[in-house]
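Heads up: the structure comes next, in structure tokens.
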Protein chains: 2
Amino acid sequence: MVASRPGGRTARVRADVLRAAGDLLAEQGFAQLDLGEVARRAEVGRTTVYRRWGTAIALVTDLLIDMAEQSLPRSRTGDLDQDLRANARLVQRTLADPRQGPLFKAIIAGATWDEGAATALRTFYRTRVGEWSPCVAEAVERGELPAGTDPAAVIQAVSAPLYYDLLITGRVPDEPAADRAANAAALAARAGAFVDLAGHAVETSDIERPA
Amino acid sequence: MVASRPGGRTARVRADVLRAAGDLLAEQGFAQLDLGEVARRAEVGRTTVYRRWGTAIALVTDLLIDMAEQSLPRSRTGDLDQDLRANARLVQRTLADPRQGPLFKAIIAGATWDEGAATALRTFYRTRVGEWSPCVAEAVERGELPAGTDPAAVIQAVSAPLYYDLLITGRVPDEPAADRAANAAALAARAGAFVDLAGHAVETSDIERPA
DNA sequence: ACCATAACGGTACTCCCGTCCCCTTAACGT
DNA sequence: ACGTTAAGGGGACGGGAGTACCGTTATGGT
């Protein structure tokens, strides 16, 4: 009895299809992503693409999952500003990348209506944020940031303006924008904007609640 | 000779179609927005919907334009924190609204691949940001914020985390989230994060210039 | 080496989205 | 009020996306 066959041909087909989908995504964008054309470019049966993925957003979701497996290690400079700037620049380079940029735009758009895309996106960012949070946690331990600062909130605060530019203003963020985002997050964090108490975190100064 | 006829029936048809589209958007989301069903719900000819709008994203775009005409006046409390919090709460309520929330999600998603949606979205936010920027400009004049602070950047910094939550983490922002966003932006602004000089705006903390 | 079968690939088919055609309705000028 | 003609509505049509069917390939266990 054979349960499944992920090896050999199946793996090659998946790789071919994902590469073709990534090419088309970079060339024409998500709106023009036609499964039939993907099959042609991948030199694969049209039926196969429909059977294994079924929809364009499912294909793009698989593309993200595939990409997520090659994750870069975070920086460890021991300095909050440098770490946050490194993080911001990583995000910025990703969004500006001719292949990854369109992929993320497609996934984010798809996540607004497709549950699979939304799940993959959240999983991806949970991993990413979890990977970079220690930068902030260590800064708290060093006394660079007030006790009780929420590491995940700081990391997300770095990314937020970059995504805002990409999605709302339609301007792909550049490196100065990344540095500004990192700087703003660092300054806000130092001022205690990301201290998570039970109540509101609007006292800014008097914070002395160790975990 | 008659050039155009925007009155009477035409206006009524537009109103009926937009209302039906908004209903369906709120009920089923953008993915299920079928022009045929919109026509049925609006009790309007299917041909008419296709002739005047053509695509679902064009319909949603018109919906945004229609909604933008009823814009709320900004608050003028004379206090930066209160103004920014009012702005954040306005954005939060919009995104959490059962009708406007799905609309914005659809428009933002559509703007990643449809030029018309992107233009409408940018126009909408240019108006919104321009309307609220005086809050920041006045705070600069009062000396609450450093000279050279970019008003638009501050306003956008308030919104960015809320959109990040909505689109990336998939969590619709609540009122505490709005207050946190406003607070973080205010603290960063006071620390000079949004001063736009020719070079880098990182005078606040130690920084090395990179060659 | 051999077999059972997971997975692929080609083709025919279906169904429905979007368009076309043409008649009907009702704005707007006079 | 009356005529001209934008604009709307019904129905038929075409095309292409997605599916069903079934034969073919090659994987993985024995």
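In what follows, every chain begins at residue 1, and chains take the letters A, B, ... in the order their sequences are listed. In what follows, every heavy atom counts, from backbone to side chain, and hydrogens, waters and symmetry copies are set aside.
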Are any protein N/O atoms closer than 3.5 Å to N/O atoms in nucleotides 23-25 of chain C? If there are, list each pair with its distance.
residue, atom, partner, partner atom, Å
C:dT25, O2, B:R9, NH2, 2.8

Pair listing, ring pair (Phe, Tyr, Trp, His ring centres under 6.0 Å) test, anchored in residues 91-117 of chain A, at least two apart: A:F104-A:F124
Donor-acceptor list for residues 52-67 of chain A side chains, cut-off 3.5 Å, not counting sequence neighbours:
residue, atom, partner, partner atom, Å
A:R52, NH1, A:T10, O, 3.2
A:W53, NE1, A:D62, OD2, 2.9
A:T55, OG1, A:A58, N, 3.2
A:T61, OG1, A:I57, O, 2.7
A:D62, OD1, A:R14, NH2, 3.0
A:D62, OD2, A:R14, NE, 3.1

Going by ring pair (Phe, Tyr, Trp, His ring centres under 6.0 Å), name the residues that satisfy it together with A:Y163, two or more places apart in sequence or in a different chain. A:Y125, B:Y164
In residues 168-175 of chain A, what donor-acceptor pairs under 3.5 Å come from side-chain atoms, sequence neighbours left out?
residue, atom, partner, partner atom, Å
A:T169, OG1, A:D165, O, 2.8
A:T169, OG1, A:R171, N, 3.3
A:D174, OD1, A:A177, N, 3.1

Flag yes if more than 12 heavy atoms outside B:R76 fall under 6.0 Å of its CZ atom; otherwise flag no. no
Spell out, as yes or no, whether a donor-acceptor pair under 3.5 Å connects the side chain of B:D81 to the backbone of B:A186. no
In residues 29-63 of chain B, which residues come under 4.0 Å of DNA chain C by heavy atom? B:D34, B:R46, B:T47, B:Y50
Kindly determine whether A:R89 and A:D179 satisfy salt bridge (Lys or Arg N to Asp or Glu O under 4.0 Å), including the steps that lead there. CA-CA 7 Å; A:R89 287 184 177 183; A:D179 291 351; 2.9 Å; yes
